[in-house]
Amino acid sequence: MKKFILFTLISSLLLAACSDSDVETMSSFGNEIGEYSVTNQDGETFTNEDMEGKVWLLDFIFTNCATVCPPMTANMTHVTQELEELGVEDYGVLSFSVDPENDTPEALTEYIEYYEVPEGTEWHLVTDYDYDFIRGFAEQNFKTIVAPPPSGSDQVTHGTSFYLIDSDGVVRKSYPGLDTGDTSFPVDEIVDDVATLTAEIDME
């Protein structure tokens, strides 16, 4: 009984800490991102520890994607352009490849060069892990799927959401990374949330 009361108290304190923010944490999230070590498009090691002290937007893509990834990356680029115009700092973007066998750092570099990302934007496109890692990483941290291509195809199945991670490494929200039905890609909401969380860093 005492253990239960203690657990309840700790959970309440954690929720209260999150509620101090003007960005509400979705009920399906609130988890801290797990440990990882990957390689970005510049051939540099990037780990979860490198995320500390910044707000992050994260998505899952691959360079040979023939459908959803190009518009997703275009939308993420639009977000970075809007944040650049507002002068927002202390944020970055993480794009995890769901096809690490083929997505070398060189392939990721070539892929992102097609997009007009503002100079100085910290955007890491990462690879150098196996399929089991990315499947588990996506499911455990973001409750989304990564599935191998169906027979006769080279197109990996993956989610199209963008995820908001605060400066403490806590997953706060998800957003549709594409237009969905009658709903447009929520660029203004994403920009507002990133700007709010980065401003809160300065108040800590």
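Being a predicted model, the structure only gives us computed values, none of them experimental. Sequence positions, counted from 1, serve as the residue numbers for this chain.
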So, for [X] and [Y], which heavy atoms are closest and what is the spacing to 0.1 Å?
X: P176; Y: P186; answer: O-CD, 3.5 Å
X: I134; Y: S97; answer: CG1-O, 3.6 Å
X: T45; Y: S37; answer: CG2-OG, 3.5 Å
X: V93; Y: M76; answer: CG1-CG, 3.8 Å
X: A195; Y: T198; answer: O-OG1, 2.9 Å
X: D59; Y: S95; answer: OD1-OG, 2.7 Å

Are the side chain of [X] and the backbone of [Y] linked by a donor-acceptor contact shorter than 3.5 Å?
X: T109; Y: Q41; answer: yes
X: T127; Y: D103; answer: yes
X: N75; Y: G177; answer: yes
X: N40; Y: L125; answer: no
X: D128; Y: V38; answer: no
X: T121; Y: P118; answer: yes

*Give the C-alpha distance, both sets of side-chain angles, the deciding distance and a yes or no for side-chain contact (heavy atoms from CB on, under 4.5 Å) between F185 and V79.*
CA-CA 10 Å; F185 170 67; V79 171; 3.8 Å; yes
Count I, L, V, M, F, W, Y as connected when their side-chain heavy atoms are under 4.5 Å apart, and connections chain through other members. Are [X] and [Y] then in the same cluster?
X: W56; Y: I201; result: no
X: F62; Y: V68; result: no
X: L178; Y: V156; result: no
X: I190; Y: L164; result: yes
X: F137; Y: V171; result: yes

*Could you go through the side-chain contact (heavy atoms from CB on, under 4.5 Å) check for N31 and K143 one step at a time?*
CA-CA 11 Å; N31 54 294; K143 301 173 179 62; 3.9 Å; yes
*Go through the side-chain N and O atoms of Y163 and N141 and say whether any donor and acceptor fall under 3.5 Å apart.*
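Y163 vs N141: no donor-acceptor pair found between side chains.
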*Side-chain donor-acceptor pair under 3.5 Å between T73 and Y111, yes or no?*
yes
Within this structure, what is the [atom1]-[atom2] distance for the pair [X] and [Y], rounded to the nearest 0.5 Å?
X: I165; Y: L58; atom1: CD1; atom2: CG; result: 4.5 Å
X: Y91; Y: W123; atom1: OH; atom2: CH2; result: 9.0 Å
X: I33; Y: D166; atom1: CD1; atom2: CG; result: 11.0 Å
X: T25; Y: R172; atom1: OG1; atom2: CZ; result: 3.5 Å
X: D193; Y: K173; atom1: CG; atom2: NZ; result: 3.5 Å
X: C65; Y: H158; atom1: SG; atom2: NE2; result: 4.5 Å

*List the steps and the verdict of side-chain contact (heavy atoms from CB on, under 4.5 Å) for E200 and L197.*
CA-CA 5 Å; E200 289 174 358; L197 288 185; 3.4 Å; yes
*asked:* Let's go through T47 and D50 carefully: what are the C-alpha distance in whole Å and the side-chain angles of both, what is the deciding distance for side-chain contact (heavy atoms from CB on, under 4.5 Å) to 0.1 Å, and is it a yes or a no?
replied: CA-CA 5 Å; T47 75; D50 293 312; 3.6 Å; yes
Under 3.5 Å, side-chain donor or acceptor atoms of residues 81-89 against the rest of the protein: list the pairs with distances, not counting sequence neighbours.
residue	atom	partner	partner atom	Å
Q81	NE2	E116	O	2.9
E82	OE2	H78	NE2	3.4

Are any non-hydrogen side-chain atoms of [X] and [Y] less than 4.5 angstrom apart?
X: L108; Y: T63; answer: yes
X: M72; Y: F60; answer: no
X: Y175; Y: M26; answer: no

_Other residues, nucleotides, ligands: >12 heavy atoms within 6.0 Å of E101 CD_ =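 No, CD of E101 has 12 or fewer neighbouring heavy atoms, counting only those of other groups under 6.0 Å.
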*Could you check D99, N102, D154 and say which one makes a side-chain hydrogen bond (donor to acceptor under 3.5 Å, both in side chains) with N64?*
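The single option meeting the side-chain hydrogen bond (donor to acceptor under 3.5 Å, both in side chains) with N64 is D154.
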*asked:* With a 6.0 Å cut-off on the ring centroids, do F96 and F46 count as close?
replied: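 For F96 and F46, the ring centres are not under 6.0 Å apart.
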*So, for F142 and F29, is the gap between ring centers shorter than 6.0 Å?*
no
*Apply side chain to side chain donor-acceptor pair (under 3.5 Å) to D90 and list each qualifying residue two or more places apart in sequence or on a separate chain.*
none
